[in-house]
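We number each residue from 1, following the sequence as shown. Values in this document were obtained by computation on a predicted structure and should not be read as measured data.
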Amino acid sequence: NYRALLFFYRPTNMKRKLKLLLKHCIKKNNIKNMEKEYFNIHLLKGVILALIGGFIEMYSLMIRGAFSGMQTGNLIYTFSNLFENNYMGALAHFLFVITFIIGIIITEIIYQISDMTKIKYEYFIYSIGLIILIFVIFIPIDSEKYGTLNIVAGCLLSFFGALQSHAFTNINKHALSTTMMTAMMKLATSSLVKYIKDKNKENLLVCLEILSIILFFIFGFIVFYVLYKYVDIIYLNYSLFIPISLVLALFCIAFFKKS
């Protein structure tokens, strides 16, 4: 027993054990730092934007007949309506696409103004977004799917979708979207496969980060659908106070982050 004890506490063995202990501590600390890097205020902002994106997309589609962020749908409906001789429907969806493009151009101009004034571009985006949503609340819901009022509201919501999709293109230094989930599902699956292959925890955290965005986008869908199911359609415009309150929350996050 005495010899075994001497062997255990030999300097060479102690040095090796200290190295292993130090390596373990560094690894554990790196994992904690990595988790802080991913699950932070930027992710909070991302999930709120995804919730807004899902809610607005569902409202826009169910009430105004437009896709606010997913312009692939608007392009498909443009040509399908054109082939079926529904020229008003084709024109409406074409206008939604054009308004989205204009929104992208305006976002680029906002970037330039932000650089010149040294004011964070987020403040400009949130302000314009609030004005658009408040304006849409006061546009009555048209009885016809492609009525003039619905087209005007759909164009405004496409503009809003352009601001959101182009202004917020990354979270935690990763290129992510809070309005278009096809690319997000591809990234989540790719990150999961990389984690299974390499056992790199960073890939797993990226996968979880993307899944949280997707889940909150779906949750936004569900929230509006529940309202659509149980609330009279004439009151559904007031449901936009939900995304308005979330945009105000993002204003607060941006302000406190700066502070």
Side-chain angles (χ1 to χ4, degrees), residues 49-108 125 128-167 177-185 214 217-244 247:
L49 284 166
L51 182 57
I52 293 169
F55 190 97
I56 295 294
E57 195 71 63
M58 196 65 166
Y59 168 87
S60 183
L61 183 61
M62 301 289 286
I63 304 301
R64 304 296 186 173
F67 290 96
S68 62
M70 296 183 282
Q71 296 308 305
T72 305
N74 283 328
L75 283 170
I76 290 169
Y77 274 105
T78 298
F79 289 100
S80 64
N81 282 314
L82 188 63
F83 296 149
E84 292 174 1
N85 299 323
N86 183 1
Y87 300 117
M88 183 55 75
L91 176 62
H93 286 283
F94 179 71
L95 287 173
F96 301 150
V97 173
I98 295 299
T99 313
F100 186 87
I101 293 168
I102 293 168
I104 299 295
I105 295 167
I106 296 297
T107 308
E108 287 294 333
I125 299 296
I128 297 170
L130 282 172
I131 292 166
I132 289 171
L133 293 178
I134 292 168
F135 196 76
V136 171
I137 286 174
F138 295 102
I139 300 176
I141 299 169
D142 213 318
S143 57
E144 294 181 18
K145 184 179 180 180
Y146 297 119
T148 305
L149 294 174
N150 280 349
I151 292 173
V152 171
C155 286
L156 288 170
L157 292 169
S158 286
F159 189 88
F160 180 90
L163 293 177
Q164 183 177 340
S165 65
H166 193 57
S177 172
T178 56
T179 57
M180 303 174 191
M181 295 299 112
T182 306
M184 298 291 281
M185 287 188 286
I214 294 170
F217 185 85
I218 294 168
F219 183 64
F221 259 50
I222 293 167
V223 169
F224 181 77
Y225 184 76
V226 170
L227 293 172
Y228 179 79
K229 197 78 174 172
Y230 297 105
V231 177
D232 196 304
I233 194 167
I234 61 172
Y235 300 115
L236 282 176
N237 269 5
Y238 299 112
S239 69
L240 290 177
F241 281 113
I242 294 173
I244 286 170
V247 173

*side-chain contact (heavy atoms from CB on, under 4.5 Å) evaluation trace for Phe160 with Ile52*: CA-CA 11 Å; Phe160 180 90; Ile52 293 169; 4.0 Å; yes
*For Phe224 and Ile242, what are the C-alpha separation, side-chain angles and deciding distance, and is it a side-chain contact (heavy atoms from CB on, under 4.5 Å)?*
CA-CA 10 Å; Phe224 181 77; Ile242 294 173; over 6 Å; no
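In terms of the side chain to side chain donor-acceptor pair (under 3.5 Å) criterion, Glu144 has no residue partners (sequence neighbours excluded). Under the side chain to side chain contact (heavy atoms under 4.5 Å, CB included) criterion, Ile105 pairs with Ile101, Ile109, sequence neighbours left out. Qualifying side chain to side chain contact (heavy atoms under 4.5 Å, CB included) partners for Met181, counting only residues two or more places apart in sequence or in other chains: Met184, Ile213, Ile214, Phe217. Residues that satisfy the side chain to side chain donor-acceptor pair (under 3.5 Å) test with Asn85, not counting sequence neighbours, are Tyr87. Among residues two or more places apart in sequence or in another chain, the side chain to side chain contact (heavy atoms under 4.5 Å, CB included) test is passed with Leu95 by Leu91, Ile151, Cys155. The side chain to side chain contact (heavy atoms under 4.5 Å, CB included) check on Leu149 picks up Ile139, Pro140, Asp142, with sequence neighbours excluded.
Separation of atoms CE (Met70) and CZ (Phe96) is listed at 14.0 Å; rounding is to 0.5 Å. With rounding to the nearest 0.5 Å, the separation of CD1 in Ile244 from CD1 in Ile137 is 3.5 Å. To the nearest 0.5 angstrom, Thr78 atom OG1 is 7.5 Å from Phe94 atom CZ. With values rounded to the nearest 0.5 angstrom, Thr107 atom OG1 is found 11.0 Å from Gln164 atom CD. Taken from OH in Tyr235 to OH in Tyr238, the straight-line distance is 8.5 Å, to the nearest 0.5 Å. Taking CG from Asp232 and CG from Leu236, the interatomic distance works out to 7.5 Å, rounded to the nearest 0.5 Å.
Residues Ile56 and Leu133 meet the side-chain proximity criterion, which asks for heavy atoms closer than 4.5 Å. For the pair Phe55/Leu227, a side-chain contact is recorded, criterion being any heavy-atom separation below 4.5 Å from C-beta on.
Here the closest non-hydrogen pair linking Ile141 and Ile233 is CD1-O, 3.2 Å. The two residues Gly103 and Leu163 come nearest to each other via the heavy atoms O-CD2, 4.0 Å. Listed here is the closest heavy atom pair of Tyr225 and Met58: CD1-CE, 3.7 Å. Annotation for Ala66 and Gly154: closest pair CB-CA, 4.0 Å, computed over non-hydrogen atoms. Of all non-hydrogen atoms in Leu156 and Ile132, the two that sit nearest each other are O-CG2, 3.5 Å. Contact detail for Ser158 and Gln71: the closest heavy-atom pair is OG-NE2, 4.1 Å.
Taking a 6.0 Å sphere around OH of Tyr77, one finds it holds 12 or fewer heavy atoms contributed by other residues, nucleotides or ligands.
Residue pairs meeting the side chain to side chain donor-acceptor pair (under 3.5 Å) criterion with at least one partner in residues 50-62, sequence neighbours excluded, are Glu57-Ser68, Tyr59-Arg64, Tyr59-Asn237. Here ring pair (Phe, Tyr, Trp, His ring centres under 6.0 Å) pairs that include residues 132-152, with residues two or more places apart or in two chains, are His93-Tyr146.
Between the side chain of Asn74 and the backbone N or O of Phe67, at least one donor-acceptor pair lies under 3.5 Å.
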